[in-house]
Amino acid sequence: MEKTYQPQSIETNWYQTWENNGYFKPSGEGNPYCIMIPPPNVTGSLHMGHGFQESIMDALIRYHRMLGDNTLWQVGTDHAGIATQMVVERQLDAQGISRHDLGRDKFIEKVWEWKEESGGTITQQLRRLGASPDWSRERFTMDDGFYKAVQEVFIRLYEDGLIYRGQRLVNWDPKLHTAVSDLEVLSEEEDGHMWHFRYPLTDGSGELVVATTRPETMLGDSAVAVHPEDERYKDMIGKTITLPLVGREIPIIADDYVDMEFGTGCVKITPAHDFNDYEMGQRHGLPLYNIFNDDAAINNEAPVKYRGLDRFDARKMVVEDLDALGLLVKIDPHKLKVPRGDRTGVVIEPYLTNQWYVKTQPLADEAIKAVEDGDIEFVPKQYENMYFSWMRDIQDWCISRQLWWGHRIPAWYDEEGTPYVGRSEEDVRKKHNIPESVALKQDDDVLDTWFSSGLWTFGTLGWPEQTEMLKTFHPTNVLVTGFDIIFFWVARMIMLTLHFKKEVPFSTVYVHGLVRDNHGQKMSKSKGNVIDPIDLIDGIDLESLVQKRTAGLMQPRMREKIEKQTRKDFPDGFTPYGTDALRYTYYSLASTGRDINFDVGRIEGFRNFCNKIWNASRYVLMNCEVQDEQGNRIEAQDCGQTGSSDYELSVADRWIISKLQLAEKAVAEGIESYRFDLASQALYDFIWNEYCSWYLELSKPVLNSDDFSAAQKKGTRRTMVRVLETTLRLAHPLMPFITEEIWQRVKDLAGTEGDTIMLAAMPICDDSLIDEQAMADVEWLKGVIEGVRNIRGEMNISPAKSIPLYFANGSDNDQRCLNANTQFLQKLASLESITWLNAGDEAPMSATGLVGEMEILVPMAGLIDKDAESARLNKEIDKIKKDAQRVEGKLNNPKFVDKAPEAVVQKERDKLADMQSALGKLEEQLVKIAAL
RNA sequence: AGGACUAUAGCUCAGUUGGUUAGAGCGCUACCUUGACAUGGUAGAGGUCCCCAGUUCGAAUCUGGGUAGUCCUACCA
């Protein structure tokens, strides 16, 4: 074994082996356990959020697999309609080709080509993380099976009356020329203006002043509204306005919706271009004047002068023209929320079109009930509120998209535009008796990507066929996801699955937080703070990192800033930390679903942890094997065969076995409650602070001294290697690579068999192996050693210097412990001699420490400076005094003594007695020292 | 506007049903190349648990009110 842990040399090999041997497939035995991967975009690449999410899923999967469950991690990718189409369009754009030049079929061919070419990126990156899904079952949301499922779902929903086609306002993306759902629109506050215009009454009796943030829409006004109670305008209700620039005569109407306090109290109403106005238009039977075309440029409904103008140019011209007519009152600066497409960033228009909708209310009712009844549980719980509030106020879901890449809508139109829904043109003709003479044309639109991903849990398992996989693994156990797609995906999966499967898609939704940078900032390309998980695994030099972060940035100023920041934050780039360290970092930060701030400093600590495990294993092997000079095994030593009894277990052996049980319990509890931070913490603590720091140190005197028998040595070797082997299995779900690498070398020494640690048994806490006496005895030993080390440390006694140690005021138990642990003490505290003082024995002048009631003494002669020891004692005395005062105060308070439970009071009394006794001893000692 | 969440060591975070001497990792200080490991060891410093009030014998923990931050939902032209 190498002297230090080198992750890159072991990771890819093991992954290959696992995958090639089919270890990721369900075993076919045991309780089913299934997780569906949230399918990443097929053309995407791995970011920190994926890394976090996949690491969590992989830990759960590996844990359950090792528990013996029939474990399936279903993997696949999403066709991601808009995102993918945009990527390919951008590429074509670079060659000066538009998708319209190619035509639909050719374009789609191009997208498939692109998918073949780059679709493997993310799945390869998933492998680098050590993820263990069943790749043989990999799916794609546009593969044949999914096509069938999507069709079936659409048709059945249509037949159930839950899908309809309707004309209404939608969110229109003028760049993509498609409708998008409410969720795909992001509204941010931006600086804008409020324009005030005069609208003259037709009869010349006066005018109204309206305020608007969107002057160009006045070309489509069909009314002006005021509040019915508004005294200022009461008389004008029912009169008409002659709309400037257009010349249309439009009514002044009264509606409660108008806020008298806001602006002038008069609202221009443009039903075709505003959601609220649309509603009002419906209430008052107002006509709709659609003044835009698909590009959001002015169409022929508007006066000739404005036709063909872009909406923003039109705005300018309208304002200028109104000003020229003396109708512009004023322009105020105004902050307003501007709706933008989440993909394109352009301003979204409310636009009147025909679209397909899912009637969500009936589906949502069931979906709410499933969570209310506890059939689905969110972890953490508070996300259920978010879910409920959205579901209870859900709008119909616009599912058609005017894109080319996606699932084509299974609807055909005759020449009158009547839609017929069916599996194919033939099917439609048969169902509706449409003769060949009538031409049918399939709907050009495709379905919202989330419509197909909503079928993910059952679509991937073979539905609509009743497959064995479907029967075995559905409903799945847990969905691991971010809160940002609860509405997009989780809610819709629940609705669609309940409707079609009559069962929930999963029983638990584990919602994790967002991965941010170390300052709590969202990672984004434009901020230049993105960290690629692969770079953490493989390492990256500073120049490449700077290059990566600044590539493709538009503004040179940002570029400079990002470069500077990067050089400052990571002057050496990243060294290769390896997958296991990265994963461990994620786990350590995965607490209660809150966002995590990823600090690169932490990963280094866990890389060191890997190194610790590595070297501890080297030490164990060194003692359990006869090795050549390179450290290769020549032969195994006898580590106590399974079933043999020619060995003895020491207190230390029984202690570490006990501690191992507790660690097993803590890890299991952590994983099962999705507290990976607690699981990883417990494991870290056990391995580093108990196994390495104490147990392996305690093994040294046994193995290196002739004072111990062959049976004792064997007992130690046996415990050492078996605890290591068990710990590796315990750690495997969190750190798959290093554990496999080492396990292969120690398994036979520990009497274990198996081809891979992946399929070995997860260790489970055995209470009968917990030895309270052994744990107490080792605590005693640790107390004495730490006491001596404290004196050494504070007195600046060289660790190389062997010192004598005296024990005073010890009990029978202390003496028993001492006798049992003499050699350990001698070695670990580096003692030259040990002397037990009975009552009345004269003690030399010493530096002292307390272990319970017992005193340990390090003679001062030649070692200890009087002043330093006085200072040390004073420090200790002050500390205890302060604490004692507090406890005394409590006990002197009669209310406390009367009202607190007796056990609590007694505990305080005991505490005080201990402190007083300690104080007495220390003070006595201080006097002695001072008298020198 | 409504709602959720967060505030604990210099930094990133734990802290179970109110009873601890409030913890961990990193960083910091001093010492140490001892035979697994300097990606290491030993010892240590470091906290007004955001503020105020309340409940209680007792509050980091419960209640109310503030302050600051993050996020979600809905939005007034």
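Atoms considered below: every heavy atom in the structure, side chains included; atoms not considered: hydrogens, waters and symmetry mates. Within every chain, numbering begins at 1; the chains are lettered A, B, ... in the order of the sequence lines, protein sequences first and strands thereafter.
- When each of A:Asn796 and A:Asp677 is assigned the nucleotide of RNA chain B with its nearest heavy atom, A:Asp677 is the one assigned upstream, toward the 5' end.
- The side chain of A:Lys890 lies closest to B:rU20 when the candidates are B:rC37, B:rU20, B:rC76.
- Which of B:rU12, B:rA77, B:rC72 sits closest to the side chain of A:Phe487 comes down to B:rC72.
- In the set B:rA36, B:rU20, B:rA77, B:rA36 carries the atom at the smallest distance from any side-chain atom of A:Ala616.
- Backbone-only engagement by A:Arg516 is indicated by non-hydrogen atom pairs under 4.0 Å involving sugar-phosphate atoms exclusively.
- A:His334 comes within 4.0 angstrom of sugar-phosphate atoms only, judged by non-hydrogen atoms across all strands, and of no base.
- Nucleic acid contact class of A:Pro901 (heavy atoms, under 4.0 Å, all strands): base.
- In a base pair of the Watson-Crick type (N1 to N3 plus N6-O4 or O6-N4) or a G-U wobble (N1-O2 and O6-N3), with each distance short of 3.5 Å, B:rU61 is matched with no nucleotide.
- Using Watson-Crick or G-U wobble geometry with both donor-acceptor distances under 3.5 Å, B:rG25 finds its partner in B:rC11.
- Under 4.0 Å is where a charged nitrogen must lie from a carboxylate oxygen, and between A:Glu697 and A:Lys782 no such pair does.
- At distances below 3.5 Å, at least one donor-acceptor pair connects side-chain atoms of A:Lys713 with backbone N or O atoms of A:Val702.
- Taking only side-chain atoms of A:Asn608, from C-beta outward, the nucleotide of B:rA77, B:rU39, B:rC13 with the closest atom is B:rU39.
- Comparing B:rA77, B:rA36, B:rC37 against the side chain of A:Leu336 picks out B:rA77 as the nearest.
- Among the protein residues, A:Trp688 comes within range of the sugar-phosphate backbone only, with heavy atoms under 4.0 Å from sugar or phosphate atoms but none that close to a base.
- The side chain of A:Lys895 contributes no N or O atom lying less than 4.0 Å from OP1 or OP2 of B:rC57.
- Going from the P atom of B:rU61 to that of B:rA43 covers 33 Å, rounded to whole Å.
- Cation-pi geometry between A:Lys612 and A:Tyr5 is not met at under 6.0 angstrom from the ring centre and within 45 degrees of the axis.
- As judged by a 4.0 angstrom heavy-atom cut-off over every strand, A:Asn276 is placed among residues touching the sugar-phosphate backbone only.
- At the heavy-atom level, A:Ser389 lies nowhere under 4.0 Å from the strands shown.
- Within 4.0 Å (heavy atoms only), A:Leu621 reaches no atom of the nucleic acid at all.
- At the heavy-atom level, A:Arg886 lies under 4.0 Å from the strands shown only through sugar-phosphate atoms.
- Checking B:rU70 for Watson-Crick or G-U wobble geometry (two distances, each under 3.5 Å) identifies B:rA4 as its partner.
- A:Arg675 comes within contact range of the sugar-phosphate backbone alone, with a heavy-atom separation under 4.0 Å but no base atom that close.
- Across every strand in view, B:rU48 sits unpaired, with no contact that passes the Watson-Crick or G-U test at under 3.5 angstrom.
- The side chain of A:Tyr619 has B:rA36 as its nearest neighbour among B:rA36, B:rU12, B:rG19.
- Looking at A:Lys875 and A:Glu794, a side-chain N of the basic residue comes within less than 4.0 Å of a carboxylate O on the acidic one, giving a salt bridge.
- Of the N and O atoms on the side chains of A:Thr270 and A:Tyr278, not one donor lies less than 3.5 Å from an acceptor on the other residue.
- For A:Glu697 and B:rA36, a side-chain-to-base donor-acceptor distance below 3.5 Å is present, hydrogens and geometry of angles not being considered.
- Here B:rU39 sits opposite no nucleotide as a Watson-Crick or G-U wobble pair (both hydrogen-bonding atom distances under 3.5 Å).
- Taking the six-membered ring where the residue is Trp, the centroids of A:Phe574 and A:Phe570 are separated by under 6.0 Å.
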Legend entry - Worked verdict on A:Arg602 versus A:Ser588 for side chain to side chain contact (heavy atoms under 4.5 Å, CB included): CA-CA 9 Å; A:Arg602 302 245 355 200; A:Ser588 73; 3.5 Å; yes
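- Of the charged side-chain nitrogens involved, at least one lies within less than 4.0 Å of a carboxylate oxygen, so that A:Asp332 and A:Lys330 count as a salt-bridged pair.
- Ranking B:rU20, B:rC57, B:rC72 by closeness to the A:Phe483 side chain, first place goes to B:rC72.
- Checking B:rC57, B:rC71, B:rG41 against every side-chain atom of A:Lys612, the shortest atom distance belongs to B:rG41.
- Among the nucleotides B:rU20, B:rC37, B:rC13, the one closest to the side chain of A:Asn597 is B:rC13.
- Using a 4.0 Å cut-off, no side-chain N or O of A:Thr4 falls inside it from OP1 or OP2 of B:rC37.
- The base of B:rA45 lies outside donor-acceptor range of the side chain of A:Lys875, with no N or O pair under 3.5 Å.
- Contacts of A:Cys610 with the nucleic acid, taken as non-hydrogen atoms under 4.0 Å apart, are absent.
- Note on A:Lys911: only backbone sugar-phosphate atoms sit closer than 4.0 angstrom, heavy atoms only; bases stay farther off.
- Here A:Lys700 reaches the OP1 or OP2 of B:rA36: one of its side-chain N or O atoms lies under 4.0 Å away.
- Heavy atoms of A:Asn893 sit under 4.0 angstrom from primed sugar atoms or phosphate atoms, though from no base atom.
- Here B:rA24 is the nucleotide among B:rC57, B:rA24, B:rA77 with the atom lying nearest to any side-chain atom of A:Gln681.
- Using a 4.0 Å heavy-atom cutoff across all strands shown, A:Lys882 reaches no nucleic acid atom at all.
- Residue A:Arg607 places a side-chain atom within donor-acceptor reach of the base of B:rU39, judged by atom type and a 3.5 Å distance cut-off alone.
- When heavy atoms are screened at a 4.0 angstrom cut-off, A:Arg602 is found touching base atoms of the nucleic acid.
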